[in-house]
Amino acid sequence: MKVDKYNMNEEGLNRFFGPLEARIMERVWETGKASIKEVQELLDRESPISFNAVMTVMNRLCEKGHLIRLAKQSRGQVSYYSAVQTKEQFLNEQTRVLADGLMTDFGALVVNHLIDSLDQADPQSIERLEQKLREMKSRGES
């Protein structure tokens, strides 16, 4: 699933979600599944928030395809919500989509900026880059 907009001026999950959406997604990822009331109580510990605000945003996250409402067993039971993807799956997919789009639109500029920021990369990522470059050279793609 592709997030419709990317907020460049934000940090972390707020780049992909609104502030309350990001907080809700974090709580659902932490708990695995949760009711609206459980999420509201967790968020309320940080700062006061109404049940209705949490309910509205969780239902919107369902409509957007990020949360799924788990089936109730019978009438009167509480609905539980779960994330469609793990946090790692979500971030992997969104950063891939973002990187692909940047490469399509601004190829050489993106590569140059990534090269300039390699000093921030971990050794495993550098090794993966070196391996990919070796593979490309051996196929004659460089």
Side-chain angles (χ1 to χ4, degrees), residues 1-74 76-139 141-142:
M1 98 196 58
K2 183 179 175 188
V3 172
D4 291 334
K5 65 180 184 176
Y6 178 78
N7 303 308
M8 287 183 52
N9 296 326
E10 296 291 340
E11 293 183 6
L13 289 173
N14 288 352
R15 290 183 190 265
F16 303 105
F17 296 112
L20 182 54
E21 289 177 328
R23 291 174 59 209
I24 288 171
M25 289 302 298
E26 281 285 11
R27 297 310 161 272
V28 173
W29 278 320
E30 288 169 4
T31 60
K33 71 174 185 175
S35 68
I36 294 169
K37 184 66 175 165
E38 290 169 341
V39 172
Q40 184 266 331
E41 287 173 352
L42 289 169
L43 295 175
D44 201 54
R45 292 178 194 162
E46 301 164 15
S47 61
I49 188 160
S50 74
F51 177 88
N52 285 342
V54 175
M55 178 179 64
T56 298
V57 173
M58 287 181 73
N59 285 324
R60 284 188 188 148
L61 285 165
C62 283
E63 292 168 10
K64 291 178 180 181
H66 299 293
L67 293 180
I68 186 166
R69 185 178 300 115
L70 305 173
K72 292 191 269 188
Q73 301 294 327
S74 63
Q77 274 194 325
V78 173
S79 292
Y80 284 86
Y81 295 75
S82 180
V84 172
Q85 297 175 300
T86 66
K87 183 177 181 179
E88 293 74 23
Q89 289 169 331
F90 173 81
L91 290 173
N92 186 49
E93 181 178 348
Q94 297 313 312
T95 55
R96 181 184 40 78
V97 168
L98 183 60
D100 289 348
L102 288 171
M103 285 300 295
T104 298
D105 293 344
F106 310 107
L109 288 170
V110 172
V111 171
N112 289 331
H113 290 299
L114 288 173
I115 290 169
D116 291 342
S117 62
L118 281 174
D119 58 340
Q120 299 173 36
D122 63 90
Q124 291 173 323
S125 295
I126 299 292
E127 179 57 37
R128 286 190 61 223
L129 175 60
E130 290 171 342
Q131 179 63 36
K132 182 70 171 181
L133 291 171
R134 285 191 293 272
E135 290 171 9
M136 291 174 72
K137 284 181 181 180
S138 71
R139 291 191 310 247
E141 294 180 22
S142 57

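In terms of heavy-atom proximity, Y81 sits nearest to V28 at O-CG1, 4.1 Å. Contact between A53 and L20 at its shortest, heavy atoms only, is O-CD2, 4.2 Å. Scanning all heavy atoms of the two residues, the minimum distance from G32 to S82 falls at O-OG, 3.2 Å. G65 approaches V84 most closely through the heavy-atom pair O-CG2, 3.2 Å. What you find for V111 and M103 is that their closest heavy atoms are CG2-CE, 3.6 Å.
Residues K87 and E26 form a side-chain contact, since some pair of their non-hydrogen atoms from C-beta on lies under 4.5 Å apart. Counting only heavy atoms from C-beta outward, the side chains of L129 and L114 never approach each other to under 4.5 Å. Looking only at side-chain heavy atoms (C-beta outward), K37 and V54 stay at 4.5 Å or farther from each other. Between T31 and L42 there is a side-chain heavy-atom pair separated by less than 4.5 Å.
A distance-only check finds a donor-acceptor pair linking the side chain of R15 to the backbone of M8 [under 3.5 Å]. Of the possible polar contacts, none joining the T86 side chain to the W29 backbone as a donor-acceptor pair under 3.5 Å is found. A side-chain donor-acceptor contact under 3.5 Å links N7 to the backbone of N14.
A distance of 11.0 Å separates CD in E127 from CG in D122, rounded to the nearest 0.5 Å. The distance from atom OG of S138 to atom CE of M136, rounded to the nearest 0.5 Å, is 10.0 Å. Distance check: S35 OG to K33 NZ gives 10.0 Å after rounding to the nearest 0.5 Å. The OG atom of S79 sits 8.5 Å away from atom CG of L70, with the distance rounded to the nearest 0.5 Å. Distance check: L43 CG to I24 CD1 gives 6.0 Å after rounding to the nearest 0.5 Å.
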inquiry  = Using the rule given for salt bridge (Lys or Arg N to Asp or Glu O under 4.0 Å), can you reason through E130 versus K137, listing the C-alpha separation, both sets of side-chain angles and the distance that settles it, and then say yes or no?
reply    = CA-CA 11 Å; E130 290 171 342; K137 284 181 181 180; over 6 Å; no
ask   = So N59 and R69, side-chain contact (heavy atoms from CB on, under 4.5 Å) or not? Walk me through it.
value = CA-CA 9 Å; N59 285 324; R69 185 178 300 115; 2.6 Å; yes
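Using a cutoff of 4.0 Å between basic side-chain nitrogens and carboxylate oxygens, E30 and R23 are not scored as salt-bridged.
You'll find the ring centres of F17 and H66 inside the 6.0 Å limit.
There is no side-chain donor-acceptor pair under 3.5 Å between R128 and Q131.
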Please set out all donor-acceptor pairs under 3.5 angstrom arising from side-chain atoms of residues 93-102, sequence neighbours excluded.
from : atom 1 : to  : atom 2 : distance (Å)
E93  : OE1    : M1  : N      : 3.4
E93  : OE1    : Q85 : NE2    : 2.5
E93  : OE2    : M1  : N      : 2.3
Q94  : OE1    : V3  : N      : 3.1
Q94  : NE2    : M1  : O      : 2.6
T95  : OG1    : L91 : O      : 2.7
T95  : OG1    : N92 : O      : 3.2

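For the salt bridge (Lys or Arg N to Asp or Glu O under 4.0 Å) criterion with R27, the lone passing option out of E41, E46, E21 is E46.
Counting heavy-atom neighbours within 6.0 Å of D116 CG, excluding the residue itself, gives a total above 12. Annotation for Y6: atom OH counts as buried by contact number, over 12 foreign heavy atoms lying within 6.0 Å.
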